[in-house]
Amino acid sequence: MYEVCKIINIIDETPTVKTFVLDKSFKFKPGQFAMIWLPEVNEKPFSFASENSFTIAKVGPFTDKMHKLKIGDKIAVRGPYGSYFKQYGEKILAVAGGVGAVPIVTAVEAFNAEITTILGARNKDELLFIDRFKKHSKLLICTDDGSLGFKGYTTDLMEKVLKEESFDSIIACGPEVMLKKVVKIAYEHNIPVQVSMERYMKCGIGVCGHCCLDNGLCVCKDGPVFTGEQLRKIIIYK
Amino acid sequence: MYEVCKIINIIDETPTVKTFVLDKSFKFKPGQFAMIWLPEVNEKPFSFASENSFTIAKVGPFTDKMHKLKIGDKIAVRGPYGSYFKQYGEKILAVAGGVGAVPIVTAVEAFNAEITTILGARNKDELLFIDRFKKHSKLLICTDDGSLGFKGYTTDLMEKVLKEESFDSIIACGPEVMLKKVVKIAYEHNIPVQVSMERYMKCGIGVCGHCCLDNGLCVCKDGPVFTGEQLRKIIIYK
Amino acid sequence: MEIKLCGIKFKNPIFLASGIMGDNAGALKRIAINGAGAVTTKSIGLKPNMGHKNPVIVELDEGFLNAVGLANPGVDNYIEELKKIRGFLDKIGVRIIASIYGKDEEEFKEVAKKIEPYVDMIELNISCPHAKGYGLEIGQDVDLSYNVCKSVKSAVNIPVFAKISPMVNIREIAEALCNVVDGFTAINTVKGMVIDINMKKPILSNKFGGLSGKYIKPIGVRVVYELYEYKKPIIGVGGIFNGRDALEYFMAGASAVQIGSAVYFRGYDVFNKIYKEIKEFLDKEGLELKDIIGIAHE
Amino acid sequence: MEIKLCGIKFKNPIFLASGIMGDNAGALKRIAINGAGAVTTKSIGLKPNMGHKNPVIVELDEGFLNAVGLANPGVDNYIEELKKIRGFLDKIGVRIIASIYGKDEEEFKEVAKKIEPYVDMIELNISCPHAKGYGLEIGQDVDLSYNVCKSVKSAVNIPVFAKISPMVNIREIAEALCNVVDGFTAINTVKGMVIDINMKKPILSNKFGGLSGKYIKPIGVRVVYELYEYKKPIIGVGGIFNGRDALEYFMAGASAVQIGSAVYFRGYDVFNKIYKEIKEFLDKEGLELKDIIGIAHE
C-alpha cells in the first residue's frame, strides 16, 4: 500500500518551506495529494509539487520532523488520492496564496492554456515557484507587506485583474478565507471556479467522515478540488 | 460455491442404479466429477453422466438417500473437479465395469475416434447405457454370470480382444482390482492407458491429502483420471 | 422491507455501521439520502477525544484495519451535529442509532441520558479492540459488561443494544446480558496488525487495530448464529458487501444488518444496491424477509 | 536460510502447516520434495477418528472454512505411515513435526511418547475450533492447557510447541505456558460459519468450522507480535500466501512460518516460491533472516 521512497534532494524554497525530492515517481493529476507517513510520528496529506516531490511548509510537529529529514532518509507515501484541477476553457486565471502555490503550479504546468497567475505571500521571501510560474504563465505577484509586487491580498489583486480582463475559468488554492472570497468573486463575475480545500484528514479515503463538509462531501475523496457549484451553498450562504 | 439444482427427471437404469436429471448444466470434461451435497446427510463425489445428470448406484447410506429423492427435490452441486480422459490416437479401447460405465460413456461420446467398448456387469440387468455406447462405439458386452454376452470379467474379454486387434490407447473405469489388471495388460501390450480411480474423498480439491496415493498424487485433484505411467509403480510393483 | 425492532419501525433493515461516515452531520446525512434504514453514529463519549495519531487506518484488498481510538467531539458537541439533521432524517424516515462508549457504567449512563432525546436507539460499544480502558477491555469482563448494560438500560427509555466482540466467549457474555439489553449488535472488528515490510514497522500508530471487511464475514455469521439462541433481536455486521452476504446474516438470525467497509468498496449508495439485491433474492424465492430470519437453524 | 529452533537445524524456515496434505505418507512426501523445511502432520490422536461427515471444507475466494473434526487413523497406524518416509525425509533434510491432540493430559502424553521416535518436534493442538472435547476446548482453559503442556514436556525429550488459538486471551495463555513449552505456533484457525443461502443451511456438517487463508493474516501477525514478548521461539502461521506475508510474520517475531491454505491457492510448490520471494527481499535489503526476526518491535 505504501511506497517507501528515499529522499534524494532537499531544496530550501523559503525560510519556512522545503521541497523534498524522492527517488520514486507517482502518476498524479494536478491538485491530487498523497498521505506521507513518518513511522512513530504521524501521517499527513500533502499536495504533489511534481511527480516526485512534495513542497512542505513548517507549520507544526509533523512538518517540523519533515524539515529535519536529510538526504537518504526514507518516507512512506500512499496515493495519489482525491479530485484534481480540470482545464475549463482556454484562458485561465490561477490564484495561489502561500503554500497554496503547490497544487496551482502543477496545474499551470499541466494545462494547455493562456494562464495568468496571481501569486501571493506574506512577504517576498515566502513567494514560491516564481520561475516555474513565469515559465508557464503571466505572473502577477502580490505581498501582504508590499515587499514585492502589488501590496495587498491575492483577492484584492484578483478583483483588479477581473475589472480589466475576462477569463474562461479560475483555479485557486490558499487559506480558507481567501478561497471563500475567490468563490464569491468568481460567482459575482459569473466565471466557473475550482478551489482546492484543506482539512485535517484521518483516513484520507472517504471512510471515516472526519473531513466531511456540511453538505456531506469529503475533502479527501470528493475533494480536495471542488467546483464553486459544490461549495457555493455552504461557503456563501452559510 | 454450490449450484443448487432441482431434479427434473429420475430414470431407473437398473434395479440398483438411477440417473438424476437436473435443471442446470455444467461444462464438464469426460471423467470429471462433482461433489453432491445433501444437507444434514453427507457429501460425496460422483462422475458426471452428462452435462446435467448423475448416474448413481445404491451402495450405502448416502446413495440410499439419493435414491429416495423425488422429482422437484433439490441437491447442491460443486464442481466440475479433477482430471479427465484425453483422446490419444484414433482407435480406442474403452473398458467399463459396473458404474464405471458413467465416466466412460461420456468419453466415448466426446471422442472423435473409432472406439470399441467392453461393457461389463454382474448380470444383464446391471448393464448401463447400452444404447449410448452402441450409438458411439462398437459394443462388446460381458457379464459375470453370462446372462448376456461374454461370460467372465471385462479384463478377460479385454485380453481376448487385444489378441485380435490393436489400439492406439485404452481408457477404463471400474472396480480397483479391474483397473490394476487393465493397467498391467496395457503395459504388457505397450498401449497407453488412462484409468479413472475412486477413493473416499473429504475436501475434493487436493487440500486435505485424504485421498492421496502412496506417490503423493491426490485422486481428487491429480485424478480421478490417471495415466498408466502415473500408476504403474504403485499399482504393479507395490 | 419495512421492519420493526423493539417496537420501532425502520423503512428497511440495511443500516450504516458505527465508525464509518459518522463523524458529523454532513456525513450522516449523505448516508441517509443514499437509502440506509438507519444511521449509526461514531462511538460518542462524554468528553472530546482526539483518538490516536495517524495512520489510523490501513487499506486492505477487501477491508480495513483501523485504530481510530474512539476519536469524537464529545457528546455535547455531537448533539449539536445531530440537531442539524434530526428533522430532515425524521422526514425521510431514517432512524438514528447512537453508538456510545465510556470508561465505566457511570460514564456510559451519562452519555446515554444526554443523547437519548436526539436518537431512536442506543448501541453500547463494549467491543472496540483498540482503545485502552474502553470497548473490549470492558467487554472482556462479563460483570463489568453486565453493569454497564444494566445501568444504561435503567436510565433511558429507548431500546439498548450491546455490540459484541467476536473475541470473547459468546455463550458467557450472551447469557449475562440477554436479560438486561433489548438486543445485540454483532460483530465489532477483530484485533489485528499489519506490518509494512519496507518500513519494518506496524503501520497503525496504535500498532494494533480492528480488522473489518470481507475478512471477518464468516466470523460474524458464526457469532450471530450463536447469539440467536438467546432470543433477542440481533443486528448483524461484519463484512457485508452485497445482498448475498446480508442474506447469510439474516439466515443466521439477524433482523437487520449494518454496512461499514462496503461503503468504501461499493460507494456511498451501497445501501440502495444491497436493498435491491436482497429484494431480488426474496422475490425469486417467493419469500418475505421475516420468513428467512434464523432459517439456517431449522 | 538454514535456521535452528531449540537446537534443531532446519534447511529453511518454511514449513507445512498441520491439516494440509498431512493425512498419510504419500501426501507428506510430496510436500517434502517441493521444498518445505519441515512437514507438520495432521493432528494425531490416540485412537482412529472418523472426524465429521462431509462437507468438511468450504472453498472461499482466498481461504477455507474447515471442520474436519480431527479425523486421523490413530497414532499406531500413523506411525506406520511415518516409517515409510522417515528415512527419505532425513536424507533430503526435511524435518517432521507431529501435531498431536488428546482429551486430557494423559492422552496427550501417551500419543507424544508413542510418536516421539519418529519425529523431530511435537506441536500440541490446544486450539482446533471444531472438535467437541478437544482442541480449543482445552486451550480456552488455561489450567488444563498448562497441565497438558507440562505433562507432555515431562514425557518427551524433543522440543514441544503449543499451538495457540487467536480466540483466547493471548497474555493469559502465554504467561501460563511460556515457562513450560519450548515455543509457540500461532495461530490456529478462527471459528466461523458459512451459510449456503440457496440451501438455507450452514454448509459444514459440523455447522461451525475454522477460518483459514488470507482472511486471518492480520490476526495471526497480531498474535505473533503479542507472543514475541515472552521470549520463546514462535512458528507463525495463518494466511501466508507469499514472501511478503511471511516477512510480516518474521518481523512480528516468528522464527519460522507454516503454510496451509496457500498450498491450494499457489500449488504444491508454494514452498519453493515463498523461499525465493523471501530471499529476493533479503538480498535487496542486504539483510539476513535473523536480522529481521522481531524487527517490528524496535
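In what follows, every chain begins at residue 1, and chains take the letters A, B, ... in the order their sequences are listed.
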Undergrad: Can you tell me which of Ile197(C), Ile292(C), Ile216(C) forms the most heavy-atom pairs within a distance under 4.5 Å of chain D?
TA: Ile197(C)
Undergrad: Between Ile219(C) and chain D, with a heavy-atom cut-off of 4.5 Å, which part of the residue counts as in contact: side chain, backbone, both or neither?
TA: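 For Ile219(C), the contact with chain D is made by backbone and side chain together.
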Undergrad: Please report the shortest heavy-atom distance between Ala296(D) and Pro202(C), naming the atom on each side.
TA: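 Looking at all heavy atoms of both residues, the shortest contact is O-CD, 3.5 Å.
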Undergrad: Go through the structure and list residues passing ring pair (Phe, Tyr, Trp, His ring centres under 6.0 Å) with Phe15(D), not counting sequence neighbours.
TA: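 Phe15(D) satisfies ring pair (Phe, Tyr, Trp, His ring centres under 6.0 Å) with Phe10(D) only.
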Undergrad: Which atoms of Leu287(C) are under 4.5 Å from chain D, going by heavy atoms: the side chain, the backbone, both sets, or neither?
TA: side chain
Undergrad: How would you list all residue pairs meeting salt bridge (Lys or Arg N to Asp or Glu O under 4.0 Å) that involve residues 252-262 of chain D, not counting sequence neighbours?
TA: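 Qualifying pairs, neighbours excluded: none.
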Undergrad: According to ring pair (Phe, Tyr, Trp, His ring centres under 6.0 Å), who are the partners of Phe281(D), at least two apart in sequence or on a separate chain?
TA: none
Undergrad: Every donor-acceptor pair from chain D to chain C under 3.5 Å, please, each on its own line.
TA:
{"residue": "Asp61(D)", "atom": "OD2", "partner": "Lys214(C)", "partner atom": "NZ", "Å": "2.6"}
{"residue": "Lys191(D)", "atom": "O", "partner": "Arg222(C)", "partner atom": "NE", "Å": "2.9"}
{"residue": "Lys191(D)", "atom": "O", "partner": "Arg222(C)", "partner atom": "NH2", "Å": "3.1"}
{"residue": "Lys191(D)", "atom": "NZ", "partner": "Glu226(C)", "partner atom": "OE2", "Å": "2.8"}
{"residue": "Met193(D)", "atom": "N", "partner": "Pro218(C)", "partner atom": "O", "Å": "2.9"}
{"residue": "Ile195(D)", "atom": "N", "partner": "Glu248(C)", "partner atom": "OE1", "Å": "2.8"}
{"residue": "Lys200(D)", "atom": "NZ", "partner": "Glu285(C)", "partner atom": "OE1", "Å": "2.4"}
{"residue": "Lys201(D)", "atom": "NZ", "partner": "Glu298(C)", "partner atom": "O", "Å": "2.5"}
{"residue": "Lys214(D)", "atom": "NZ", "partner": "Asp61(C)", "partner atom": "OD2", "Å": "2.6"}
{"residue": "Pro218(D)", "atom": "O", "partner": "Met193(C)", "partner atom": "N", "Å": "2.9"}
{"residue": "Arg222(D)", "atom": "NE", "partner": "Lys191(C)", "partner atom": "O", "Å": "2.9"}
{"residue": "Arg222(D)", "atom": "NH2", "partner": "Lys191(C)", "partner atom": "O", "Å": "3.1"}
{"residue": "Glu226(D)", "atom": "OE2", "partner": "Lys191(C)", "partner atom": "NZ", "Å": "2.8"}
{"residue": "Glu248(D)", "atom": "OE1", "partner": "Ile195(C)", "partner atom": "N", "Å": "2.9"}
{"residue": "Glu285(D)", "atom": "OE1", "partner": "Lys200(C)", "partner atom": "NZ", "Å": "2.4"}
{"residue": "Glu298(D)", "atom": "O", "partner": "Lys201(C)", "partner atom": "NZ", "Å": "2.4"}

Undergrad: With a 4.5 angstrom heavy-atom cut-off, which part of Val190(D) approaches chain C: side chain, backbone, both or neither?
TA: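 It is the side chain, since no backbone atom gets that close.
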Undergrad: Under a 4.5 Å heavy-atom cut-off, does chain C meet the side chain of Ile295(D), its backbone, both or neither?
TA: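 Both parts, backbone and side chain.
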Undergrad: Tell me, side chain or backbone of Ile203(D) under 4.5 Å from chain C's heavy atoms, or both, or neither?
TA: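 Neither part; nothing is under 4.5 Å.
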